[in-house]
Amino acid sequence: MKKILGLVFLMLLLVSLTSITSSKLQNNYSLEGTWELINRYNYDESGVSDTLFNVNGYRQIKIYSKGKVMWTRYSPDDPAEWFGFGSYQNTENELEERLEYGSAEMMKIQDTVQVFKFELILDKDNYSQITLDDEGNRTFSENYRRID
């Protein structure tokens, strides 16, 4: 009888811990979806030093789905095409994108950088991908809002 009560108690404990863990996991937000660039920040040693807003019809969209990422940029002031496709993975605080192919301009960049790593700040409807220098200092960010 003591063994049965012990097993029942152990099962109740495991179920309780599982439900607590599951509720914590459900609070994490996902990059899955479509995002539009709303602005960019430049950083210096004291924080955000400049905010760059989209002007003259500039648009940049990113789509994350099932481990893949696609992005495109339109700027009436830049005749070059900009787009890219690849894979991504993220943790709570980091985003990594691996470019597989892209526009001619993007492929020039890929010759020097194939894996793009960012600090990630993510909530339900917004995210920022922040570029860090070799010492881990913030230098630049792209800030997005969810559009789907």
Side-chain angles (χ1 to χ4, degrees), residues 9-148:
F9 176 74
L10 183 59
M11 290 180 67
L12 288 173
L13 180 65
L14 289 173
V15 168
S16 297
L17 290 174
T18 301
S19 66
I20 290 169
T21 304
S22 295
S23 66
K24 286 183 182 176
L25 291 174
Q26 291 171 356
N27 290 335
N28 290 340
Y29 300 110
S30 171
L31 279 172
E32 293 278 316
T34 307
W35 303 83
E36 183 170 14
L37 181 73
I38 52 175
N39 60 33
R40 292 157 293 215
Y41 294 155
N42 287 323
Y43 291 86
D44 62 19
E45 59 280 344
S46 61
V48 176
S49 62
D50 193 19
T51 302
L52 307 169
F53 294 98
N54 299 336
V55 294
N56 300 331
Y58 180 98
R59 288 192 78 191
Q60 184 166 309
I61 305 293
K62 280 194 167 188
I63 301 170
Y64 293 95
S65 179
K66 300 175 186 168
K68 297 295 183 181
V69 60
M70 169 73 184
W71 68 268
T72 183
R73 173 175 32 171
Y74 171 73
S75 177
D77 300 334
D78 183 358
E81 292 184 0
W82 288 90
F83 64 85
F85 174 80
S87 60
Y88 82 95
Q89 57 186 14
N90 70 289
T91 64
E92 186 175 336
N93 302 324
E94 294 179 343
L95 170 62
E96 181 177 293
E97 296 179 355
R98 294 180 177 273
L99 185 65
E100 293 177 29
Y101 72 88
S103 62
E105 292 299 315
M106 194 64 219
M107 295 310 285
K108 289 178 189 174
I109 294 171
Q110 186 189 12
D111 286 344
T112 58
V113 180
Q114 294 179 3
V115 178
F116 298 87
K117 294 183 180 184
F118 307 101
E119 176 185 349
L120 176 64
I121 299 174
L122 173 65
D123 67 30
K124 181 181 175 193
D125 295 317
N126 298 283
Y127 91 88
S128 296
Q129 62 181 52
I130 304 166
T131 302
L132 305 175
D133 66 16
D134 292 336
E135 297 172 1
N137 300 309
R138 292 176 171 178
T139 59
F140 181 80
S141 73
E142 291 183 349
N143 308 303
Y144 291 84
R145 114 178 136 238
R146 185 182 296 278
I147 60 174
D148 84 339

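Just so you know, residue 1 is the first one in the sequence shown, and it goes up from there.
For Thr72, the side chain to side chain contact (heavy atoms under 4.5 Å, CB included) test picks out Ile61, Phe83, with sequence neighbours left out. In this view, Arg98 and Glu96 satisfy the salt bridge (Lys or Arg N to Asp or Glu O under 4.0 Å) rule, not counting sequence neighbours. Qualifying ring pair (Phe, Tyr, Trp, His ring centres under 6.0 Å) partners for Phe140, counting only residues two or more places apart in sequence or in other chains: none. With sequence neighbours left out, Glu119 forms a side chain to side chain contact (heavy atoms under 4.5 Å, CB included) with Ile121, Ile130, Leu132, Arg138. Under the rule for a ring pair (Phe, Tyr, Trp, His ring centres under 6.0 Å), the partners of Tyr88 that lie at least two apart in sequence or sit in another chain are Tyr64. Here Tyr41 pairs with nothing under the ring pair (Phe, Tyr, Trp, His ring centres under 6.0 Å) rule; sequence neighbours left out. With sequence neighbours excluded, the residues that form a ring pair (Phe, Tyr, Trp, His ring centres under 6.0 Å) with Tyr101 are Phe85. Contacts of Arg146 classified as salt bridge (Lys or Arg N to Asp or Glu O under 4.0 Å), with partners at least two apart in sequence or in another chain: none. Under the rule for a salt bridge (Lys or Arg N to Asp or Glu O under 4.0 Å), Glu142 has no partner lying at least two apart in sequence or in another chain.
Residue pairs meeting the side-chain hydrogen bond (donor to acceptor under 3.5 Å, both in side chains) criterion with at least one member in residues 45-56, sequence neighbours excluded, are Asp44-Ser46, Asn56-Asp77. Applying the salt bridge (charged side-chain N to carboxylate O under 4.0 Å, His left out) definition to pairs two or more places apart or across chains, none involves residues 125-137. Residue pairs meeting the salt bridge (charged side-chain N to carboxylate O under 4.0 Å, His left out) criterion with at least one partner in residues 66-75, sequence neighbours excluded, are Lys68-Glu100.
For the atom pair CG of Leu95 and CG of Leu31, the computed distance is 6.0 Å after rounding to the nearest 0.5 Å. To the nearest 0.5 Å, atom OG of residue Ser128 and atom CD1 of residue Ile38 are 7.5 Å apart. A distance of 11.5 Å separates CG of Leu120 from OG of Ser141, quoted to the nearest 0.5 Å. Here CG of Asp148 is found 10.0 Å from CD of Glu32. Values are rounded to the nearest 0.5 Å. Residue Arg145 holds its CZ atom at 10.0 Å from CG of Asn39, rounded to the nearest 0.5 Å. The distance from atom OG1 of Thr34 to atom CE of Met70, rounded to the nearest 0.5 Å, is 11.5 Å.
Between Tyr144 and the options Trp71, Tyr127, Trp35, a ring pair (Phe, Tyr, Trp, His ring centres under 6.0 Å) holds for only Tyr127. For the side chain to side chain contact (heavy atoms under 4.5 Å, CB included) test with Glu97, the passing option among Gln129, Gln89, Lys117 is Gln129; the others fail.
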| message | Using the rule given for side chain to side chain contact (heavy atoms under 4.5 Å, CB included), can you reason through Tyr58 versus Asp78, listing the C-alpha separation, both sets of side-chain angles and the distance that settles it, and then say yes or no? | response | CA-CA 9 Å; Tyr58 180 98; Asp78 183 358; over 6 Å; no
| message | Pair Asn126, Asn143 - check side chain to side chain contact (heavy atoms under 4.5 Å, CB included), show working. | response | CA-CA 7 Å; Asn126 298 283; Asn143 308 303; over 6 Å; no
| request: Mind running side chain to side chain contact (heavy atoms under 4.5 Å, CB included) on Trp82 and Gln60 for me, showing each step along the way? | output: CA-CA 9 Å; Trp82 288 90; Gln60 184 166 309; over 6 Å; no
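The side-chain heavy atoms of Asn137 and Tyr43, taken from C-beta on, include no pair separated by under 4.5 Å.
Within a 6.0 Å radius of CD in Glu36, more than 12 heavy atoms belonging to other residues, nucleotides or ligands are found.
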